[in-house]
Every structure is written in C-alpha cells, then in structure tokens.
Novice: 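Next up is a structure, given as structure tokens.
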Amino acid sequence: MERILVSACLLGRPVRYDGRAKTSHDELLARWRAEGRLVPFCPEVEGGLPVPRPPAEIEGGTGGEAVLSGAARVRTATGEDVTEAFLAGARRALEAARKAGARIAILKEGSPSCGSLRIYDGTFQGRTAPGQGVTTALLERHGVRVFSEDRIPEAAAYLEELTARSGPVTRPEPRTR
C-alpha cells in the first residue's frame, strides 16, 4: 500500500505554533486515514520546537531551498534563529517518509516548514510570497512529491498514477509442505 506523509495538524493534532490544529475534513484524507495510509508528522515539533512556540518565517521569503543551501535563515519575530530546528525537522520528515516508503506528502500550506506553493514573506506582516518551506524543499529534492491540503485531488491522481506504475501489491502465497 502506498503510504502518504501528512502534516499532523491536518489530522487534528494541536502541534501548530499557536498550539492549535488545522484539521482537514477532506473525504479523501479521511478515507486514506481509515485505510492506514497516512503517516502523521510535524517537522517543527520533531525538530525540537515546543508547542506553542513563536511564529517563524524564512528571511526575505526566499524559501526552503535557500535555507537548505545556507543562504537564508528561519527566524522568529524577535529575531531568534530557529534554522537548526527547521533543518532537523526536515531531515526527520525525510527519514519518516523513507521508512514508510512514502512518495507523496500532504503538508500545511503557508508554513515555513510545510508550504508547497507559498510561504510568509519574512516580514511578519501576514503577507505571503511564492515559495516552499524547508521540509517541502528537502522532500521534493529527494523525490517525495508534496501537495498542500488544497490540492488533495491532485495528490489522489498522483497516487493512482504511482499505483498503476508499480501495480497492485501482492502477497506471497503461503508455502505448503
């Protein structure tokens, strides 16, 4: 069965910076959860950040690739550098995806970790810019396709494509003596 890495906050876990969840009520996500496909994960918590925690943004809204290459940092509104926690969380997310065999992730849009199309611009003024979060950039770099919670139908189409390419999972027949 194809597994899917998913932001824990989308599954109702209160792990966001403000101590809340952003529970998705998408029917596909609920079906995949019932099938046991989902691998819940919060890179910020797994990177060592507390709940709640100060909001963080990528400097200049430059995106996760800039953080991965060392060209940008992740900071809180007070200037605290939390880059290492974001990098550690991204690495742990990649490990979790690899361990589960997940080639798809559904992550929370806008997050400095999980954003796939847009992130906050680094000014703490509530403005967004096109870009990816740190975890998304690392997962994509390693072949895990990332979708936001607004693109679950696209994730479903990709899941069907992967399943068609690799064929159904078959179990070996029990041996008889």
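The structure presented is a predicted model; accordingly, all values stated were derived computationally and were not measured. The first residue in the sequence is number 1, and the count goes up from there.
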Novice: Taking R75's backbone N and O only, do any of them form a donor-acceptor pair with E59's side chain (distance below 3.5 Å, no angle check)?
Specialist: no
Novice: Are there more than 12 heavy atoms of other residues, nucleotides or ligands under 6.0 Å from atom CZ of R141?
Specialist: yes
Novice: Testing the basics here: between L139 and A97, what is the closest heavy-atom pair and its distance to 0.1 Å?
Specialist: CD2-CB, 4.3 Å
Novice: In terms of hydrophobic clustering (I, L, V, M, F, W, Y; side-chain heavy atoms under 4.5 Å; direct or indirect links), are W32 and V6 co-clustered?
Specialist: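 Yes, one cluster joins them.
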Novice: Give a yes or no answer on whether the side chain of T136 reaches the backbone of G115 with a donor-acceptor pair at less than 3.5 Å.
Specialist: yes
Novice: Would you name the heavy atoms of T128 and R118 that are closest together and state the gap between them?
Specialist: CG2-NH1, 3.8 Å
Novice: Of all the heavy-atom pairs spanning A90 and P43, show the shortest one and how long it is.
Specialist: N-CB, 4.3 Å
Novice: Has S116 got a side-chain atom pairing as donor or acceptor with F147's backbone, closer than 3.5 angstrom?
Specialist: no
Novice: Looking at every non-hydrogen atom in both residues, tell me the closest pair between L159 and R37 and how far apart they are.
Specialist: CD1-NH1, 4.1 Å
Novice: At their closest point, which heavy atom of A155 faces which heavy atom of I106, and how far apart are they?
Specialist: CB-CD1, 4.1 Å
Novice: With side-chain contact (heavy atoms from CB on, under 4.5 Å) as the criterion, how do F86 and I58 come out once you've worked through the C-alpha distance, each side chain's angles and the decisive distance to 0.1 Å?
Specialist: CA-CA 10 Å; F86 276 75; I58 298 171; over 6 Å; no
Novice: For the CG atom of L10 and the NE2 atom of H25, what is their distance to the nearest 0.5 Å?
Specialist: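 Interatomic distance, L10 CG to H25 NE2, rounded to 0.5 Å: 10.5 Å.
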Novice: Shared ILVMFWY cluster between V144 and M1, side chains joined below 4.5 angstrom?
Specialist: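 Cluster IDs for V144 and M1 differ.
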Novice: So, E109 side chain and L117 main chain: donor-acceptor pair closer than 3.5 Å or not?
Specialist: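 Side chain of E109 to backbone of L117, a donor-acceptor pair under 3.5 Å: yes, one is there.
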Novice: Working to the nearest 0.5 angstrom, can you tell me the gap between T83 OG1 and R73 CZ?
Specialist: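 With rounding to 0.5 Å, OG1 (T83) is 3.5 Å from CZ (R73).
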Novice: Can you see which heavy atom on A137 is nearest to which on L68, and at what distance?
Specialist: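 Closest pair (atom of A137, atom of L68, distance): CB-CD1, 3.7 Å.
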Novice: Determine whether a donor-acceptor pair (N or O, by modelled atom type, separation under 3.5 Å) exists between the side chain of S113 and the backbone of V134.
Specialist: no
Novice: Following the transitive rule for hydrophobic clusters with a side-chain heavy-atom cut-off under 4.5 Å over Ile, Leu, Val, Met, Phe, Trp and Tyr, establish whether I4 and F41 coincide in one cluster.
Specialist: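 I4 and F41: separate clusters.
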Novice: Passes side-chain contact (heavy atoms from CB on, under 4.5 Å), R16 versus V51? Steps please.
Specialist: CA-CA 7 Å; R16 287 176 41 92; V51 177; over 6 Å; no
Novice: Using the ring of Y17 (Phe, Tyr or Trp, six-membered ring only), decide whether R53 places NZ or CZ under 6.0 Å from its centre and within 45 degrees of its axis.
Specialist: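 No - R53 does not lie over the ring of Y17 by the 6.0 Å and 45° rule.
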Novice: Just wondering, do S24 and L29 contact through their side chains at under 4.5 Å, heavy atoms?
Specialist: yes
Novice: For E80, does its backbone N or O pair with a side-chain atom of T76 as donor and acceptor, under 3.5 Å?
Specialist: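 The answer is yes, because a donor-acceptor pair under 3.5 Å joins these two groups.
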Novice: Under 3.5 Å, side chain of R3 to main-chain N/O of G36, donor-acceptor pair present?
Specialist: yes
Novice: Between P112 and I119, is any pair of side-chain heavy atoms under 4.5 Å apart?
Specialist: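 No. Closest side-chain heavy atoms not under 4.5 Å.
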Novice: Heavy atoms, side chains only, cut-off 4.5 Å: are R33 and L11 in contact?
Specialist: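 Of all side-chain heavy-atom pairs linking L11 with R33, at least one is under 4.5 Å.
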Novice: Could you state whether I152 and Y158 fall into the same hydrophobic cluster, counting links through intermediate Ile, Leu, Val, Met, Phe, Trp or Tyr residues with side-chain heavy atoms under 4.5 angstrom apart?
Specialist: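 Yes, I152 connects to Y158 through the hydrophobic network.
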Novice: Nearest 0.5 Å please: distance from the CG atom of L49 over to the CD atom of E84.
Specialist: 11.5 Å
Novice: Taking it one step at a time, do E57 and D121 satisfy side-chain contact (heavy atoms from CB on, under 4.5 Å)?
Specialist: CA-CA 7 Å; E57 296 184 8; D121 70 1; 4.1 Å; yes
Novice: Quick one: CZ on R92 to CG on L87, what's the gap to the nearest 0.5 Å?
Specialist: 11.0 Å
Novice: Say whether Y120 and V74 are linked into one hydrophobic cluster, either directly or through other cluster members, by side-chain heavy-atom distances under 4.5 angstrom.
Specialist: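 Different clusters.
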Novice: What's the spacing between Q132 CD and S148 OG if we round to 0.5 Å?
Specialist: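 Spacing of CD (Q132) from OG (S148) equals 11.5 Å.
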Novice: Just by distance, do the side chain of S111 and the backbone of K108 share a donor-acceptor pair under 3.5 Å?
Specialist: no
Novice: Starting at CG of L38, measure out to OG of S7 and round the result to the nearest 0.5 Å.
Specialist: 11.0 Å
Novice: Under 4.0 Å between a side-chain nitrogen and a carboxylate oxygen: does that hold for E95 and R91?
Specialist: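 Here E95 does not pair with R91 in a salt bridge, since their nearest N and O are not under 4.0 Å apart.
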Novice: I would like to know whether D26 and E149 meet side-chain contact (heavy atoms from CB on, under 4.5 Å); could you show each step before the answer?
Specialist: CA-CA 8 Å; D26 186 272; E149 73 275 18; over 6 Å; no
